[in-house]
Amino acid sequence: MRVATLGYQTWGHRTLKALLESEHEVVLAITHPKSEHVYEQMWADSVADLATEHGVPVHIANKPDEDFKAALKQADPDIIVANNWRTWLPRDVFDSPRYGTLNIHDSLLPKYTGFSPLIWALLNGEEEVGLTAHLMDEELDAGDIVLQRSTPVGPTDTVTDLFHRTVDMIGPITLDALDLIASGRTDWTPQDRSQATFFHKRAPEDSRIDWTWPADAIERLVRAQSDPYPNAFTHYKGQRIRVLKASVSEGNYGGTPGRVFIHEGDGMVIVAGPDARTGKNKGLKIQRVRLDDGTELAGIEFFPHGGGYLG
C-alpha cells in the first residue's frame with residue numbers, strides 16, 4: 001500500500017522505520033517541529049531525518065492546516081499511519097485515504113486515552129500495558145480496534161523498562177495491522193467507551209511527591225519517573241531532592257505524612273499515607289536521591305538521622 005505517516009519522536013520514528021523496511025511504499029512523512037517541552041526532548045529520534053535519509057518527502061506542521069492538507073492530497077496515500085501525532089485531526093484528513101487512518105497508541109484502549117499512558121498506567125498499578133492499533137475517528141483514541149498487544153508489568157519495572165518493551169512492539173503491530181486491513185477484513189472491535197479513561201499531558205508538578213499518598217503509590221511514582229524522565233521529587237530543608245530509588249517499608253509507621261523517621265535496612269523511612277496518624281501504614285523507604293547539582297547519595301547518607309519533614 002501507499003502509506004503516509006503522521007509521527008513524532010521515537011514512536012513515530014520506529015513506525016516509519018518499520019514501514020521503510022516493509023513492502024509498503026512510504027509516500028510522505030508528516031511530523032512536528034522540535035519542541036522545548038521536557039517530555040518531548042527525550043526519546044526524540046527524528047522522523048524528519050529518517051525520512052530524508054530514505055528520500056521520503058517530509059512536511060513539518062503543528063496542526064492540519066491548508067499546507068498540510070495539500071501535501072497529503074499530492075501524496076495520494078492508500079492509508080495514513082499515525083503514531084504520537086499530538087494534535088486533533090478533522091474528518092477530511094483521517095478519512096481522506098481509501099483505508100482511512102490507522103493510529104498506534106501506547107495503551108490498551110479504551111483505558112489510558114490521551115497522553116503519557118505508560119506513566120499513568122504504572123502509577124495506577126496496572127498489571128499489563130501495551131499497544132493498540134485502531135482506526136481513527138473524530139473522538140480522540142476512540143476508533144475501532146484492529147489489533148492489540150500487551151506485555152506484563154513486573155514489580156520492579158520502571159517506565160523506562162516499559163518504554164523499551166512497548167517501543168519494540170511498534171513495528172510488528174503496525175505491519176500486522178496493515179496486513180489485516182489489506183486482506184479486506186472490516187470486522188474490527190468497537191471500543192466500549194464506558195470503560196474509557198482520559199489522561200492529560202505530564203508537567204513538572206505531576207512529579208512532586210504527595211506524602212498523603214500510600215507508600216506503595218509513591219513507590220510506583222518513583223518508578224514511573226525513572227531516568228531520563230523528570231524524577232519524582234520532594235523538598236527537605238529548603239532544597240529539592242529527586243528520589244531515584246525507593247521501596248515500601250517492612251514495618252508500620254505512624255505520625256504526620258512527610259516526617260523523616262527512622263533508618264530501616266538501606267534506607268530512611270518517611271511516614272506516608274492519608275491516615276498515617278493511625279500507625280497502621282507502611283512508610284516509604286528512600287534508598288537513593290539526587291540533588292539539583294547532580295550529586296547522588298544513598299538514602300541513609302543523605303538522611304543520617306531522623307527528624308524534620310519533607311514537603
Side-chain angles (χ1 to χ4, degrees), residues 5-19 31-32 35 37-47 50 80-89 94 101-137 139-154 157-178 188-189 191 193 195-203 206 220-221 223-230:
T5 66
L6 301 179
Y8 188 47
Q9 296 175 273
T10 300
W11 296 269
H13 184 279
R14 286 293 187 95
T15 306
L16 176 59
K17 183 174 185 291
L19 289 165
T31 188
H32 295 304
S35 168
H37 190 287
V38 63
Y39 280 91
E40 295 181 5
Q41 291 183 319
M42 64 182 73
W43 314 130
D45 294 305
S46 172
V47 171
L50 179 62
I80 297 169
V81 177
N83 194 344
N84 198 35
W85 182 256
R86 314 291 280 181
T87 56
W88 179 79
L89 297 177
F94 68 73
T101 297
L102 179 74
N103 185 51
I104 311 300
H105 182 70
D106 50 344
S107 83
L108 298 174
L109 293 174
K111 291 185 176 181
Y112 299 99
T113 296
F115 299 90
S116 304
L118 291 179
I119 294 176
W120 293 112
L122 181 52
L123 272 172
N124 290 326
E126 299 290 353
E127 295 182 354
E128 61 178 3
V129 295
L131 302 181
T132 301
H134 71 95
L135 294 173
M136 191 174 285
D137 64 14
E139 190 175 351
L140 181 66
D141 297 333
D144 290 353
I145 294 171
V146 176
L147 202 58
Q148 282 189 327
R149 300 273 167 79
S150 64
T151 184
V153 179
D157 277 340
T158 66
V159 71
T160 310
D161 298 326
L162 300 181
F163 165 80
H164 287 299
R165 291 215 297 274
T166 55
V167 83
D168 285 344
M169 297 161 63
I170 288 173
I173 197 173
T174 299
L175 299 182
D176 289 348
L178 287 178
W188 315 127
T189 303
Q191 294 190 43
R193 299 305 292 167
Q195 300 301 307
T197 54
F198 185 21
F199 288 84
H200 62 74
K201 288 182 180 181
R202 301 285 297 180
D206 298 314
R220 289 195 301 271
L221 173 63
R223 288 190 284 125
Q225 296 296 148
S226 56
D227 289 339
Y229 293 87

Is any side-chain heavy atom of Thr160 closer than 4.5 Å to one of Pro228? yes
Does the side chain of Tyr8 reach to within under 4.5 Å of the side chain of Ser35, using non-hydrogen atoms? yes
Do you know which two heavy atoms are closest between Leu122 and Arg220, and how far apart they sit? O-CD, 3.2 Å
Measure across Met136 and Ala82 and return the closest heavy-atom pair with its distance rounded to 0.1 Å. CE-CB, 4.2 Å
For Pro152, does its backbone N or O pair with a side-chain atom of Glu127 as donor and acceptor, under 3.5 Å? no
So among Val81, Thr31, Asn83, Leu89, which one has a side chain to side chain contact (heavy atoms under 4.5 Å, CB included) with Leu6? Leu89
Could you tell me whether the side chain of Asn124 reaches within less than 4.5 Å of the side chain of Phe199, counting heavy atoms only? yes
To the nearest 0.5 Å, tell me how far Leu16 CG sits from Thr5 OG1. 5.0 Å
My understanding is that only residues two or more places apart in sequence, or in another chain, count here; which of them pass side-chain hydrogen bond (donor to acceptor under 3.5 Å, both in side chains) with Lys17? Glu21
Could I get the full list of side chain to side chain contact (heavy atoms under 4.5 Å, CB included) partners for Pro230, not counting sequence neighbours? Val38, Tyr39, Met42, Ser207, Gln225
Taking side chain to side chain contact (heavy atoms under 4.5 Å, CB included) as the definition, give me every residue that meets it alongside Thr189, ordered by chain and number, with sequence neighbours left out. Ile145
Working for side chain to side chain contact (heavy atoms under 4.5 Å, CB included), residues Arg149 and Asp176: CA-CA 11 Å; Arg149 300 273 167 79; Asp176 289 348; 2.8 Å; yes
Quick check: does any side chain N or O of Glu40 sit under 3.5 Å from a backbone N or O of Gln9, one acting as donor and the other as acceptor? no
Looking only at heavy atoms, what is the nearest atom pair of Leu108 and Thr132, with distance? CA-OG1, 3.6 Å
Does the side chain of Val129 reach to within under 4.5 Å of the side chain of Tyr112, using non-hydrogen atoms? no
Measuring from Thr151:OG1 to His164:NE2, what's the distance to the nearest 0.5 Å? 13.5 Å
Say whether, by atom type as modelled, one donor and one acceptor occur between the side chain of Asn84 and the main chain of Gly12 under 3.5 angstrom. no
If the condition is side-chain hydrogen bond (donor to acceptor under 3.5 Å, both in side chains), which residues does Asp206 pass it with, not counting sequence neighbours? none
Please report the shortest heavy-atom distance between Leu109 and His105, naming the atom on each side. CD2-CD2, 3.4 Å
With sequence neighbours left out, the residues meeting ring pair (Phe, Tyr, Trp, His ring centres under 6.0 Å) with Phe94 are none
Just how far is it from atom CH2 of Trp43 to atom NE2 of His13, taken to the nearest 0.5 Å? 14.0 Å
Taking only residues two or more places apart in sequence, or in another chain, which ones meet Trp120 in a side-chain hydrogen bond (donor to acceptor under 3.5 Å, both in side chains)? none
Only counting residues at least two apart or in another chain, list the ones meeting side chain to side chain contact (heavy atoms under 4.5 Å, CB included) with Leu135. Leu102, Val146, Ile181, Trp188
Taking all non-hydrogen atoms of both residues, which atom of Gly114 and which atom of Asp141 are closest, and how far apart? N-OD2, 3.0 Å
Shortest non-hydrogen pair, Asp144 vs Gln191, comes out as OD1-N, 4.5 Å
Reported CG-to-CG distance for the pair Asp161 and Leu118, which is rounded to 0.5 angstrom: 11.0 Å
Only counting residues at least two apart or in another chain, list the ones meeting salt bridge (charged side-chain N to carboxylate O under 4.0 Å, His left out) with Arg223. Glu219
Contacts of Gln41 that satisfy side chain to side chain contact (heavy atoms under 4.5 Å, CB included) - sequence neighbours left out: Glu36
When you compare the side chain of Thr10 with that of Phe163, does any pair of heavy atoms fall below 4.5 Å? yes
Residue set satisfying salt bridge (charged side-chain N to carboxylate O under 4.0 Å, His left out) with Asp45, at least two apart, ordered chain then number -> none
If the condition is side-chain hydrogen bond (donor to acceptor under 3.5 Å, both in side chains), which residues does Asp168 pass it with, not counting sequence neighbours? Arg14
The criterion is salt bridge (charged side-chain N to carboxylate O under 4.0 Å, His left out); which residues satisfy it with Asp157, sequence neighbours excluded? Arg165
Start with the C-alpha gap between Trp11 and Ile104, add the side-chain angles, then the distance that decides, and say whether side chain to side chain contact (heavy atoms under 4.5 Å, CB included) holds. CA-CA 9 Å; Trp11 296 269; Ile104 311 300; over 6 Å; no
